[in-house]
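Side chains are part of it too, since the values below use all heavy atoms of this structure and drop only hydrogens, waters and symmetry mates. Convention: sequence-line order gives letters A, B, ...; per-chain numbering from 1. Only a predicted model underlies this, so the values are computations on that prediction, with no experimental measurement involved.
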Number of protein chains: 2
Amino acid sequence: MTISLTEENYLKAIYTLSRLGDESEVTTNEISKHLKNKAATVTDMLKRLAEKKLINYIPYQGVKLTEKGKRTAIKVVRKHRLWEVFLVDKLNFKWDEVHEIAEQLEHINSDELIQRLDVFLGKPKFDPHGDPIPDANGQLNTIKALPLNQRKSKGNFIFVGVNEHSKSFLQHLTGIGLKIGDSLLIEEINEFDNSFKVKINKTNSQFFSNKVASNILVEIKK
Amino acid sequence: MTISLTEENYLKAIYTLSRLGDESEVTTNEISKHLKNKAATVTDMLKRLAEKKLINYIPYQGVKLTEKGKRTAIKVVRKHRLWEVFLVDKLNFKWDEVHEIAEQLEHINSDELIQRLDVFLGKPKFDPHGDPIPDANGQLNTIKALPLNQRKSKGNFIFVGVNEHSKSFLQHLTGIGLKIGDSLLIEEINEFDNSFKVKINKTNSQFFSNKVASNILVEIKK
DNA sequence: ACTAAAAATTTGTTTAGCCTAATAAAATTT
DNA sequence: AAATTTTATTAGGCTAAACAAATTTTTAGT
Ligand SMILES: [Mn+2]
Ligand SMILES: [Mn+2]
Ligand SMILES: [Mn+2]
Ligand SMILES: [Mn+2]
């Protein structure tokens, strides 16, 4: 049974959306919004995917990936993230330039290719945005990072990933001079607007709005 | 105007077929055979491509690429061959394993990507099968090689490319121990079946059938 | 419990890309 | 020059993937 590029994109969307919330059912409208297709189109595809046993679908009740569907979705995510590492590490693209190209590359179909690419890149565990790369068996490091704005006390953290992948946000961070792996020391938390004053790498102090802070994922520095 | 993956494949087919012969018109049946689609399907597509000014098409008279069509086709060929170099040089695929994957990768759409891939690979001039890689402006080294079986005198040659790209032929050459760049000394030409006895790299003598010799491209050794 | 709003599905079209069968045009043979 | 064969086109139909409009089901508000 072959899975089309479009079907792969639907499976990935369902996977991504189910991870945002509580792992429960994903709704037609969520998928519709995410993929920028009309709800009627989504319903059609849900029937097709259910037919292929890639999702469990009860009309009006939303969908969940089957094991098979989940495996497929994770493989697409794995490819997407490996290619992003390739583009940044080997071709010197910036982290805000790679997503659209990876959206295409993630559909290239060759197990041998993924395997060799993985080795060539040194079996990376995270992509350029800090997102974990599933291994060949579909296992992925659960990330224990939290958004910066949920840290209620001052302290020392490491910037490990982003919640928001838009080009403008990534460029904003680059403008500030913030990169994955940088240390972040919360110096002030302003009560009235929940903005933060943060020192990056012990040198340069910056103000982060709550919006920005909510999209920056940090771990506690050991 | 966007050009679909399928349209790209038709343009590439027309380009390839026109190069085989005398650069003249390509026929519906040739395309049909090459792409393994029915002639009626090809006629449909020819109308679409003509509509888009990618080919000049006169019913019953065959087709020729327009300048625009040719540019597009050459770009696809460039991408195909660059990706093949990547797969062999960087991911250590064998030369008989890369074609199918390159058939997919050649449709990835990003000028910046091709440009950077080209630089990353060291701006290669030839792909793993000895085929010339068009440069960013679509110029390509005309190859002055001839098939081994057209060399009528004994002498010293260099193996620079293949005429036949099938997995089985490439594996056959690998089995013989023949690689691009090897020197070939014609020791004997057998009149009755036009087979050749050839010494590879001054060490190992092999018999080549005329069929094999016709698919091996050589240049005169300077 | 009833009604209005929101969410999802069904119905009917469209386009790209493929097919087979029927027909027309061109080339070849007699 | 006709007849036959080969090549190509037209006509009609199919499926995947999209849409808009109409309808149904579920949820939320009173
Ligand atoms: Mn991405
Ligand atoms: Mn990413
Ligand atoms: Mn190839
Ligand atoms: Mn090649």
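The side chain of B:Tyr57 places no N or O atom within less than 4.0 Å of a non-bridging phosphate oxygen (OP1 or OP2) of D:dA8. Put simply, B:Thr28 has a side-chain N or O that comes within less than 4.0 Å of OP1 or OP2 on D:dT9.
Note on ring orientation: taking the six-membered ring where Trp is involved, the planes of B:Phe120 and B:Phe86 are tilted (angle from 30° to 60°).
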Under 3.5 Å, which donor-acceptor pairs do the side chains of residues 32-39 of chain A form with other protein atoms, sequence neighbours left out?
residue, atom, partner, partner atom, Å
A:Ser32, OG, A:Asn37, O, 2.6
A:Asn37, ND2, A:Tyr10, OH, 3.0

N/O donor-acceptor pairs under 3.5 Å from side chains in residues 137-146 of chain B, not counting sequence neighbours:
none

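Residue-level contact check: B:Lys47 touches the backbone only, with heavy atoms under 4.0 Å from sugar-phosphate atoms and none from bases. At the heavy-atom level, A:Thr43 lies under 4.0 Å from base atoms of the strands shown.
Under the side chain to side chain contact (heavy atoms under 4.5 Å, CB included) test applied with B:Leu91, the options A:Gln115, A:Glu112, A:Arg116 reduce to a single match, A:Arg116.
A:Lys211 forms no cation-pi arrangement with A:Phe169, by the criterion of a distance under 6.0 Å to the ring centre and an angle within 45° of the ring axis.
Annotation: side-chain hydrogen bond (donor to acceptor under 3.5 Å, both in side chains) contacts involving residues 119-132 of chain A, sequence neighbours excluded, comprise A:Glu84-A:His129, A:Asp131-A:His165.
The distance between atom CG of A:Asn29 and atom C1' of C:dA5, rounded to the nearest whole Å, is 13 Å. Distance, A:Ile58 CD1 to D:dT26 P: 11 Å, rounded to whole Å.
Annotation: salt bridge (Lys or Arg N to Asp or Glu O under 4.0 Å) contacts of A:Glu100 (sequence neighbours excluded): none.
Contact annotation: the side chain of B:Lys12 approaches that of B:Glu103 to within less than 4.5 Å [non-hydrogen atoms, C-beta and beyond].
Pairing of C:dT30, defined by two Watson-Crick or G-U wobble distances under 3.5 Å, is identified with D:dA1.
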Can you give me the N/O atom pairs linking the protein to nucleotides 22-27 of chain C at distances under 3.5 Å, or say none if there are none?
none

Would you tabulate the nitrogen or oxygen pairs shorter than 3.5 Å linking the protein to nucleotides 12-19 of chain D?
residue, atom, partner, partner atom, Å
D:dA17, OP1, A:Ser4, OG, 2.7
D:dA17, OP2, A:Arg48, NE, 2.9
D:dA17, OP2, A:Arg48, NH2, 2.6
D:dC19, OP2, A:Lys38, N, 3.0
D:dC19, OP2, A:Thr41, OG1, 2.7

